[in-house]
Protein chains: 2
Amino acid sequence: MSPHTTMTESRLESELAQRGVRMTRQRRAILATIESAERHLDAAQILRRASRVEASVNRVTVYRTIGLLKRHGLIDELDLMHVTGDAHFYERRPEHDHIHVTCLRCGQVIEFESEHLAQLRAEVEQQCGFRVDVARTEIGGYCGGCQAMPEATAATRATRANKKGAEDARACGDAAHIA
Amino acid sequence: MSPHTTMTESRLESELAQRGVRMTRQRRAILATIESAERHLDAAQILRRASRVEASVNRVTVYRTIGLLKRHGLIDELDLMHVTGDAHFYERRPEHDHIHVTCLRCGQVIEFESEHLAQLRAEVEQQCGFRVDVARTEIGGYCGGCQAMPEATAATRATRANKKGAEDARACGDAAHIA
DNA sequence: CTACAGATGCAACAGAGTTTCACCTTGCAG
DNA sequence: CTGCAAGGTGAAACTCTGTTGCATCTGTAG
Ligand SMILES: [Mn+2]
Ligand SMILES: [Mn+2]
Ligand SMILES: [Zn+2]
Ligand SMILES: [Zn+2]
């Protein structure tokens, strides 16, 4: 990597610029992390990944930036049925709504689009007199594989026990240097 | 009230009985509380209300009973967009699915039924190969009143500050005797 | 009535997110 | 450029939600 890694400006970054929000090295790292994630990340995972490009990023700043992005409607918050704990997960707000289907045994998450989402939202706006800001549909169940699998063999399951940090550090090559 | 208030057997109670689950005074109080609630309660509120009929009920038992009911699919867990904090809310699983529409300013919650829910669920089962266990749609937005109200006047808003216990104790007559 | 699986209470713990405050940086005006 | 004020940041301490270990108690089958 070059000495001054300038990091290509993310879409989130330009969205914020447009709205006159001040940009910092820390924010840039966090935005890029969220933007480029191949899956839904929670705050701790965002911190770990962002710290790799900008070592000074702090836990608190991650939470503050998540708050900023939520207020501006640029990201959505997910529970993923809290299969792995009480943390919330984040993703950039997509063009079209989609729902999240989580396997309660293996933790796999599938995204699914449907016409019914927009229709439901329209119904709510009309019949409840609400201006809808954010809509979230989450489903929990058992994926094909896990339906077949005998109860005990479920070694894949993301339990509360093995959740302890390891997964993200392992997946991405170098050790986590932030607790 | 008579000395030995026998408390009519709730539907949750008989559901559990059918499944051979052991019944205790504490559980009975918690089940009755959830069953008879006129709105969605979080764990702390369930504890406060249940303690009024059965003083020995403990916080931990509330959580354990919530877990029991979730495992048996007898209650659903809601976020209500976490407008008032990080707690989760509970309600008995209804006959027909409904969604929860929460006003992000005043905290009001509206329940709404729609054909699209069942259709969406069917689509997921077919196209994702999942066996769906629980489905949750939550919407956040601004209710009619709050859309009209000028930004500052929002005195009604359930802020993190006023959340502190008062609301439930006040609403139900006698003081909360459990922290 | 008894025995024992299973439920409870307590206290200690753990994880997620927030607040405070002294210090630092960004973006802009001069 | 330079200086400066508005706003962002890190560290530590804190709050709130939920969990666990363990000694003790109790509901229920026999
Ligand atoms: Mn949640
Ligand atoms: Mn409801
Ligand atoms: Zn699975
Ligand atoms: Zn409102």
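Quick note on labels: first sequence line is chain A, next is B, and so on, each numbered from 1.
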Asks: Closer than 4.0 Å, any side-chain N/O of B:Y63 to the OP1 or OP2 of D:dG18?
Replies: yes

Asks: Is it the case that A:E111 and A:H40 place a side-chain donor and acceptor less than 3.5 Å from each other?
Replies: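 Side-chain D/A pair, A:E111 to A:H40: present.
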
Asks: Under 4.0 Å between a side-chain N/O of B:R59 and OP1 or OP2 of C:dT8, yes or no?
Replies: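 So the side chain of B:R59 is outside the cut-off, no N or O lying under 4.0 Å from OP1 or OP2 of C:dT8.
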
Asks: Map B:E77 and B:R22 onto DNA chain D by nearest heavy atom, then report which one ends up closer to the 5' terminus.
Replies: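 On the 5' side of the pair lies B:E77.
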
Asks: Checking side chain to side chain contact (heavy atoms under 4.5 Å, CB included) against A:F89, which of A:V109, A:I46, A:L80 comes through?
Replies: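 Of the listed options, the one satisfying the test is A:L80.
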
Asks: Side-chain N or O of A:H88 less than 4.0 angstrom from OP1 or OP2 on C:dG17?
Replies: yes

Asks: Whether the side chain of B:R27 and the base of C:dA7 hold a donor-acceptor pair under 3.5 Å is what I'd like checked.
Replies: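 Side chain to base: no pair present.
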
Asks: Rounded to whole angstrom units, what separation is found between the NE2 atom of B:H82 and the C1' atom of C:dG17?
Replies: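 Atom NE2 in B:H82 sits about 11 Å away from atom C1' in C:dG17.
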
Asks: Just checking, is any N or O donor in the side chain of A:H96 or A:H98 under 3.5 Å from an acceptor N or O on the other one?
Replies: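 No, no side-chain donor-acceptor pair sits under 3.5 Å.
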
Asks: Can you work out whether A:A87 or B:R64 has the more 5'-proximal nearest nucleotide on DNA chain C?
Replies: B:R64

Asks: Quick one: is A:T61 getting a side-chain N or O under 4.0 Å of the D:dG8 phosphate, OP1 or OP2?
Replies: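 Checking D:dG8 against A:T61, no side-chain N or O comes under 4.0 Å of OP1 or OP2.
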
Asks: Is the phosphate of D:dT26 approached by B:Q26 (side-chain N or O, under 4.0 Å from OP1 or OP2)?
Replies: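 B:Q26 to D:dT26 OP1/OP2: no side-chain N or O under 4.0 Å.
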
Asks: Report yes if a side-chain nitrogen or oxygen of B:S56 is closer than 4.0 Å to either non-bridging phosphate oxygen (OP1 or OP2) of C:dT8; otherwise report no.
Replies: no

Asks: Can you give me the closest heavy-atom contact between B:R136 and B:D79, atom names plus distance?
Replies: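 Nearest pair, atom of B:R136 first, then B:D79: NH2-OD1, 2.6 Å.
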
